[in-house]
Every structure is written in C-alpha cells, then in structure tokens.
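FYI, the numbering just counts along the sequence from 1. Everything quoted here is computed from the prediction, not taken from an experiment.
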Amino acid sequence: MDNKPVNLSRKVAVVGATGMVGQRFVSLLANHPWFQITALAASPRSAGKPYAEAVGSRWAFDWPIPEKIVGMPVVDASEIDQVAQQADFVFCAVDMPKEDTRKLEDAYARRETPVISNNSAHRMTADVPMVIPEINPEHAEVIEAQRLRLGTRTGFVAVKPNCSIQSYVPPLHALRVFRPLRMAVSTYQSISGAGKTFATWPEMVDNVIPYIGGEEEKSEREPLKIWGKVRDGQIELASEPVISAHCVRVAVADGHMATVSVAFAQKPSPEQILEAWRNYTALPQQLSLPSAPKSFLHYFDEPNRPQTRLDRDLEQGMAIALGRLREDRLFDYRFVGLSHNTLRGAAGGGVLIAELLCAQGYVPRK
C-alpha cells in the first residue's frame, strides 16, 4: 500500500443529513480535501426542500450551515437510485428502526454504492466490518465475503462502533500485549449522544439519568468484535476481556468520559503503560489520512485531567484524552478516558473510516 495515496477524490451523499450526526457530517465534509457532497437525503417530510429549510431551527451548532450546502435540495432517502447515481458512496446517519435501517443500507450497497454507517443496525453482522481505524483496519478484509453475500462488485456496508467505547477501547488496545482479562467501566455520556441539546432537552439541566437503553450491552459486546479475527468470511468475536459496563447520561453538551478498572494476565508497570500510550501509532497516522490525529492517545499528568470542556476537542476532536492512571485494589489499574462523541465517536470517526477504505482501494469512483 502506497503511504501517499493519490487520486482519492470522491462524490459523497449524506443520508440522514438533517439529524445531529448528519449535520456533523455536513460540517466536516464541506471543505474536505477528498470528498465532495453531491447529494443530501433525509425523511420524506424534508424531501424537496433546500437543506437550510429542511433543518430549520434544528441546526445544532453555533456556526452557520456551510454556504455551499444551504440551498442544496434534500432527496427522500428511500429514492435509492436517485441518490446512488449522484455519489460514489454514502454516509448513513438515519433515525429509523434497526430493521428498516438494515434494509436501507443493504439496498444502497446492492446499488453498488458503499455505505459508511453511523447506525447500529449492522454492527454485529458477522461480515460487516466495525472499524476504529487505528485499531482494526485489517477487518476490511471481510468486505469481499460480504460482497459475495450481497451479490455486488463494489457495494458493501462498513460501520462505526458505538460512540461510548471510543474512550476506553483505544487505550486498552495499546495494552493488548499484557492481555486485559477483566474490566469494569462506567461511562458518563453527553446529551448530544442522544441527538439533543440543552435547548431541546431542558430536563437534562442539573440532572443525571442512570439509564441509556441498550448502551451497556453494546459497551460490553462491541469491543469483542473490534478485537476479533477475520476467519472464513466473518469476524469471530474475541473471548476476552470480560467487560462490565454501567452507562449514565450526564448534563454535558458533548464528550463521553469513562472511568476504567482493568486486570491483566501479565501486569505491566505504570511506566510500561504510559510508554505504550504515548508511543502508540497506527495506519491512519502512517498514511497521513486527512482526519487522523497526529497523536491518537494523549495522557495528562495533572490529577484533574482530562476534563470534558478542556479536552474533548483535542486534535479537532479526533484524539483520546487519558489521565489518572493508578493502581486499583480490586483490579490492577484504573484510569480515566475521554472522547468527543459526535466527532471521534460519530461523524468524524465515519469520515476517517471512509478515508481509510478509500486509501485501501475498497471505494472506487463510479
């Protein structure tokens, strides 16, 4: 693989463009060096309207809609041929029941239009890669088996994992040589993870909700797919570590924090852990992908860091902030992790996956 990929310009569509994650995709792609937005798609109630009108007062950010996108017409996401004709691939961030999302994404793939999905519908499908680019880029190998199942030449679905696991899976992956066996994690998740702002969800002001539907199951299972192996055309889940997760919603606009306790088969020293984190690099950095952080894992020595407001935007929100490493009475070590849930954990992570798959040759131009 060439470390300086060339000729990577692609036409892209954002499906689910009016929701919060879709808006993030629009913002990130407006001036992307490789990708040009050529189509926007959403629900039938938005179809036919200019993007600014379709979004209306639901624009979630303190910057304006990109000028080149304001008047772009929104297409009904179910008009698959119309969207597919305009794009080399699509980003999917729809708000639909899982079965409907699965059918929609498969339909785009069968129209020979690769799908990079922010949705959970296909995360545990055995031949669909669920990728954190710095961790398991080799899982893209399973795309060939998926294409055989779908009957496609170029179409496929690839997915981004759950936003909450970004704050603790990367630092543990850097320590895989020591074999993490058991871990307990608590995640403190921002309201944007529910697609909300304080204006649209005033009940969250001065509040914590100790339940997020389905989140704990995803947090315990999805890492095992990320750490799994591609065998016989599917991804087999890893058998360890055993993960116990507790997920709560907190009164924070953006950023998911995790407190982690972990036991290893071979306990490292604190110095070994810090060295592994500070020196960790991976394929996106080697390829100089446009959305890749220069340094994936950042450790703070200060005892009161990372902090959500101070550190969620680290390296344009694409890096993982770590701190408070110390020994644990029940496990070996504990630490704190922080990730930006709508950047690294959602749209930004999806864009990075697309960059990786384009660089690997999985997403041709039509």
Side-chain angles (χ1 to χ4, degrees), residues 9-30 32 34-60 65-123 125 128 143 146-147 149-160 195 346-347 350-351 353-354 357-358 362-366:
S9 62
R10 298 290 186 274
K11 297 181 294 183
V12 306
V14 179
V15 179
T18 58
M20 180 176 282
V21 174
Q23 294 174 29
R24 272 285 189 191
F25 274 121
V26 166
S27 296
L28 290 171
L29 295 168
H32 193 278
W34 296 359
F35 304 147
Q36 176 189 2
I37 298 177
T38 52
L40 300 170
S43 66
R45 68 178 176 271
S46 297
K49 298 177 182 178
Y51 183 71
E53 181 182 340
V55 172
S57 62
R58 293 181 295 116
W59 183 252
I65 298 172
E67 186 176 350
K68 65 181 73 173
I69 306 298
V70 167
M72 186 175 289
V74 177
V75 179
D76 187 334
S78 66
E79 297 293 335
I80 294 166
D81 286 332
Q82 183 178 354
V83 177
Q85 287 169 6
Q86 300 180 67
D88 296 313
F89 72 95
V90 304
F91 292 105
C92 188
V94 297
D95 183 13
M96 298 166 57
K98 277 192 177 184
E99 186 57 33
D100 294 340
T101 300
R102 195 176 293 119
K103 289 178 180 178
L104 182 71
E105 292 177 347
D106 283 350
Y108 275 101
R110 288 193 170 101
R111 299 303 198 283
E112 302 295 357
T113 306
V115 177
I116 311 301
S117 176
N118 187 73
N119 303 105
S120 64
H122 266 307
R123 284 182 189 156
T125 302
V128 171
I143 287 172
Q146 185 191 151
R147 285 171 170 162
R149 173 175 63 82
L150 295 173
T152 62
R153 292 181 298 102
T154 59
F156 64 88
V157 179
V159 299
K160 179 206 66 62
V351 172
I353 291 169
L357 293 176
C358 286
Y362 287 101
V363 184
R365 288 183 293 181
K366 290 183 179 177

For a side chain to side chain contact (heavy atoms under 4.5 Å, CB included) check, start with the C-alpha distance between H122 and D106, then their side-chain angles and the critical distance, and finish with the verdict. CA-CA 9 Å; H122 266 307; D106 283 350; 2.9 Å; yes
Answer whether the closest heavy-atom distance between the side chains of Q36 and S9 falls below 4.5 Å. no
Pairwise distance [atom1]([X]) to [atom2]([Y]) - rounded to 0.5 angstrom:
| X | Y | atom1 | atom2 | answer |
| --- | --- | --- | --- | --- |
| R10 | H32 | CZ | NE2 | 11.5 Å |
| I143 | F156 | CD1 | CZ | 4.0 Å |
| L40 | I69 | CG | CD1 | 5.5 Å |
| N119 | T101 | CG | OG1 | 5.0 Å |

Show every donor-acceptor pair shorter than 3.5 Å between a side-chain atom in residues 83-93 and any protein atom, with sequence neighbours excluded, or say none if there are none.
{"unit_1": "Q86", "atom_1": "NE2", "unit_2": "Q82", "atom_2": "O", "d": "3.0"}
{"unit_1": "D88", "atom_1": "OD1", "unit_2": "K366", "atom_2": "N", "d": "2.8"}
{"unit_1": "D88", "atom_1": "OD2", "unit_2": "K11", "atom_2": "N", "d": "2.8"}

For [X], which residues count as a side chain to side chain contact (heavy atoms under 4.5 Å, CB included) partner, sequence neighbours excluded?
| X | answer |
| --- | --- |
| A107 | I80, R111 |
| E99 | R102, K103 |
| T154 | E112, R147, P364 |
| A52 | I65, V70 |

Does A109 offer a backbone N or O that forms a donor-acceptor pair with the side chain of T113 under 3.5 Å? no
Can you check whether A30's main-chain N or O pairs, donor with acceptor, with K68's side chain at less than 3.5 Å? yes
Table please: side-chain donor-acceptor pairs of residues 14-29 below 3.5 Å, with sequence neighbours left out.
{"unit_1": "Q23", "atom_1": "OE1", "unit_2": "A60", "atom_2": "N", "d": "2.8"}
{"unit_1": "Q23", "atom_1": "NE2", "unit_2": "T18", "atom_2": "O", "d": "2.9"}
{"unit_1": "Q23", "atom_1": "NE2", "unit_2": "R58", "atom_2": "O", "d": "3.1"}
{"unit_1": "R24", "atom_1": "NE", "unit_2": "T342", "atom_2": "OG1", "d": "2.9"}
{"unit_1": "R24", "atom_1": "NH2", "unit_2": "T342", "atom_2": "OG1", "d": "3.4"}
{"unit_1": "S27", "atom_1": "OG", "unit_2": "Q23", "atom_2": "O", "d": "3.1"}
{"unit_1": "S27", "atom_1": "OG", "unit_2": "W63", "atom_2": "NE1", "d": "3.0"}

Kindly check if the number of other-residue, nucleotide or ligand heavy atoms within 6.0 Å of CZ (R365) is above 12? yes
